[in-house]
Amino acid sequence: MAKAIQQKKTPNPLAPERVAAVLDTLQKTYPNAVCALTHRNAFELTIATILSAQTTDVTVNKVTPELFRMYPTPKKLGEAPLPEIERIIRSTGFYRAKAKNIQSAAKVLVERFGGKVPQTIEEMIQLPGVARKTANVVLGSWYGIASGVVVDTHVLRLSRRLELTRETDPVKVERDLEKVIPQNHWIQFSHEMIHHGRQVCIARKPRCVDCSLETLCNSVDKTWSSR
Ligand code: SF4
């Protein structure tokens with residue numbers, strides 16, 4: 001039976017043993033968490049991640065099969081007619097800006113990087129439409145390079161609820177997380193947090209009664225407490 005929620009304080013939310021318990025619980029809850037964007041290579045993942053801004057991975061996964069069937073390489077996408085790209089990706093929202101970005105990113109890949117997605121964050125963010133989040137997704141998920149923690153809307157919300165940061169700006173949140181999360185956990189931590197944010201710790205009404213982190217969490221947003 002649900003109890004009235006008493007607001008508690010986490011004595012030291014950043015204590016290494018508390019952070020380790022969060023990481024351990026996430027890992028046990030989502031042992032096979034991977035990026036949900038369908039892709040076959042770094043190029044496809046880069047484009048899919050650009051398209052995923054302000055929409056769901058499910059929506060992106062519906063448009064990318066046609067997009068990559070018609071334009072399977074950076075060269076082909078860079079040369080594709082803009083109205084045709086817009087038509088294909090329309091349902092992902094902001095399609096005019098996104099079409100321009102993915103076409104330009106494809107051109108930059110060809111002109112500056114020999115058609116290959118680069119493996120450093122500094123080079124990645126030279127691609128139009130690519131900021132740290134997209135760069136970290138591609139470097140982590142495809143290349144296995146722990147360049148940073150991916151901070152999307154789920155990671156941001158959960159990190160605040162779990163008191164791993166007080167910041168609201170994604171770049172500052174990333175900086176805070178990278179101070180407390182050991183680097184060898186960065187890639188999986190992002191995947192696990194995104195899964196948890198989608199399935200349990202949802203934005204409007206978190207499903208705390210089903211949450212494996214519940215005993216570690218003292219968020220003001222909790223909807224249920226075991227203690
Ligand atoms: S207990 Fe609730 S608010 Fe805390 S992490 Fe779990 S679902 Fe989110």
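Keep in mind that the numbers below use all heavy atoms, side chains included, and drop hydrogens, waters and symmetry copies. Remember, it's 1-based here, ligands and their atoms both numbered in the order they're listed.
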Next on the checklist: Using only atom types and a distance under 3.5 Å, with no angle test, would you say the side chain of Trp224 pairs donor to acceptor with the backbone of Arg207?
Outcome noted: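 Checking the backbone N and O of Arg207 against the side chain of Trp224, no donor-acceptor pair under 3.5 Å is found.
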
Checklist entry - Is there a donor-acceptor contact under 3.5 Å from the side chain of Arg18 to the main chain of Leu216? => result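 Checking the backbone N and O of Leu216 against the side chain of Arg18, a donor-acceptor pair under 3.5 Å is found.
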
Checklist entry - Under 6.0 Å between the ring centres of His196 and Tyr30? => result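 Yes, they do, as the ring centres are separated by less than 6.0 Å.
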
Next on the checklist: Please enumerate all residues that pass salt bridge (Lys or Arg N to Asp or Glu O under 4.0 Å) together with Glu66, with sequence neighbours excluded.
Outcome noted: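 So Glu66 forms a salt bridge (Lys or Arg N to Asp or Glu O under 4.0 Å) with Arg87.
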
Item to check | Pairing residues for Thr55 by the side chain to side chain donor-acceptor pair (under 3.5 Å) criterion, not counting sequence neighbours | outcome: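 If we apply the side chain to side chain donor-acceptor pair (under 3.5 Å) test to Thr55, skipping adjacent residues, there are no hits.
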
Checklist entry - Around atom 2 (Fe) of ligand 1, what protein N, O or S atoms are found below 2.8 Å? => result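 Checking every protein N, O and S atom gives Cys208 SG.
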
For residues 68-79, please give each side-chain donor-acceptor pair under 3.5 Å, one per line with the distance, not counting sequence neighbours.
{"from": "Thr73", "atom 1": "OG1", "to": "Lys76", "atom 2": "N", "distance (Å)": "3.1"}
{"from": "Lys75", "atom 1": "NZ", "to": "Glu79", "atom 2": "OE2", "distance (Å)": "2.9"}

